[in-house]
Amino acid sequence: MGALTARASLRGTASVPGDKSIAHRALLLSALAEGESLIQGLPSGADVLATRDCLRELGISISEAAADGSVRVHGKGLSGLRTPRRVLDCRNSGTTARLLCGVLSAQRFSSSLDGDASLRGRPMARVVDPLRDMGSVIDYLEIEGRLPLRIDGARLPFTLHKPEVASAQVKSALLLASLAAGSGCRLLEAVPTRDHSERMLQYMGSGLSCEAGLIELPPGARLQACELSLPGDISSASFLIAAALLLPGSELLLRDVGVNPGRCGFIETLIEMGADITLENQRLVCGEPLAEIRVRSSSLHATRIQGKSIPGIIDELPLLALLASQAAGTTEVRDAAELRLKESDRIESTAAMLAALGVACETLPDGFVVSGRQTLHGGQVDSRGDHRIAMTAVVASLLTDDAVEISDEQCIVVSFPGFRDEITRLVN
Ligand code: S3P
């Protein structure tokens, strides 16, 4: 391990907020189901609240969280949404915008979607083009390929999709459009991406099947309201895992974390790098695999990540760059140009964050190279309003006795409100 100046370790047991990706789907699918669903463990991060508030604007009644954290959604079936009275504001959430494009493409009314400055800069053509091919009428209101946009829903036919981008958001948008249209679809996925939508659609009785990259949603599929219990978010857990690995003498137990194979690239990569991580008590809850994750501080060595492994670790790559800077050897990440299209250009924002703390990271068009055993010092990090960059910088700050200042650290509320308090509680 590199020359760690901090003397603290991270010890104890923790839980993380419910899974953000799964939460968006739980809200959307419950809204399209018939009757009342109960969602346990819905996270209160700003992205999930954006989906909740858009659905409320579409006429769906969603309760505030009860004392036990559960939320009730009064589903109105596949054609029960009402015309929104105002523009649907997806705020910072790409998943909200892209999945809603799918749902709204099959409605009998028109709607408009917008987002904050970061989301307005992110590509929408990846969902708009295939939805237009299905028959939906979608117009960009300001800049080609970007939010804001207007959707005039249409009758969508049964379609065979072969998405060009390896993206769970695109896949899910197409599944949702075909579901809401009642038309069904067949979707061929060349590179596997997280399969939360497929699992939840199956769990809610749609009759969806998946085999060897072929997903089939039957025509006329309907959803049954149900109780959904969400696992802890592995992407949020990853920041605590990284801190435990990097701080000597650490031992952390994370309870009830989702370990969907499509999301475990970070854990698998770390184990290959020599990390002492074990998954305990693995089980299936509401169709999603869960486990307790035990982590002990470890001496890591470098790795190379590329090709089909990228979607399973995409959200954790900024954090992996930090870990790589403390490992033995040089780590290279390739085939990850998608990083440039996230809440910030995460190739540039990761390199700039590390540079501010004295760590060199060479950027590539589709990834980065980081040599290990670098010494971190304090500095001023520009989070660029990106929650994952800000949380990586908080973990980095534990490796130096110098001050690390993070601009707009508040953006962490997008996925993990209370993150700094939680990590501070565990560090001793
Ligand atoms: C997500 C899928 C991923 C991920 C994003 C959430 C989802 O994006 O980066 O944070 O919930 O489907 P892509 O599907 O665009 O790769």
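Predicted model, so just to flag it, every value in this text is computed and none were measured. In each ligand, atom 1 is the first atom listed, and ligand 1 is the first ligand listed.
- Of the heavy atoms in Arg194, only side-chain atoms (C-beta onward) come closer than 4.0 Å to ligand 1.
- Looking only at atom types and distance, the side chain of Gln107 has no donor-acceptor partner in the side chain of Ser111 under 3.5 Å away.
- For ligand 1, the polar-atom distance check against Gln169 finds a nitrogen or oxygen pair separated by under 3.5 Å.
- Contact check on Asp116 versus Arg91 returns no salt bridge, with no Lys/Arg side-chain nitrogen under 4.0 Å from an Asp/Glu carboxylate oxygen.
- At distances below 3.5 Å, not a single donor-acceptor pair connects side-chain atoms of Arg126 with backbone N or O atoms of Ser167.
- Contacts with ligand 1 closer than 4.0 Å are made by no heavy atom of Glu343, backbone or side chain.
- No side-chain donor from either of Thr13 and Arg255 sits under 3.5 Å from a side-chain acceptor of the other.
- A donor-acceptor pair shorter than 3.5 Å cannot be found between the side chains of Ser112 and Arg150.
- Protein heavy atom at the shortest distance from atom 12 (O) of ligand 1 is Arg25 NH2, 2.6 Å.
- Between Lys342 and ligand 1 there is a heavy-atom distance shorter than 4.0 Å.
- Proximity annotation for atom 13 (P) of ligand 1: of Ser167, Pro123, Ala166, Ser167 comes nearest, heavy atoms only.
- Donor-acceptor pairing under 3.5 Å is recorded for the side chains of Ser110 and Asp152.
- Proximity to Ala168 (heavy-atom distance under 4.0 Å) selects the following atoms of ligand 1: 12 (O), 14 (O).
- Residue contacts with ligand 1, taken as heavy atom pairs separated by less than 4.0 Å, do not involve His196 at all.
- If you check the side chains of Asp276 and Ser298, you find no donor sitting under 3.5 Å from an acceptor.
- Listed by number with element, the atoms of ligand 1 under 4.0 angstrom from any heavy atom of Ser21 are 1 (C), 6 (C), 7 (C), 11 (O).
- The distance criterion of under 3.5 Å between nitrogen or oxygen atoms is not met by Glu338 with respect to ligand 1.
- In terms of polar-atom proximity, defined here as any N/O pair under 3.5 Å, Asp315 does make such a contact with ligand 1.
- Of the N and O atoms on the side chains of Glu343 and Ser118, not one donor lies less than 3.5 Å from an acceptor on the other residue.
- Residue-ligand proximity: Ile314 is placed with a non-hydrogen atom under 4.0 Å from ligand 1.
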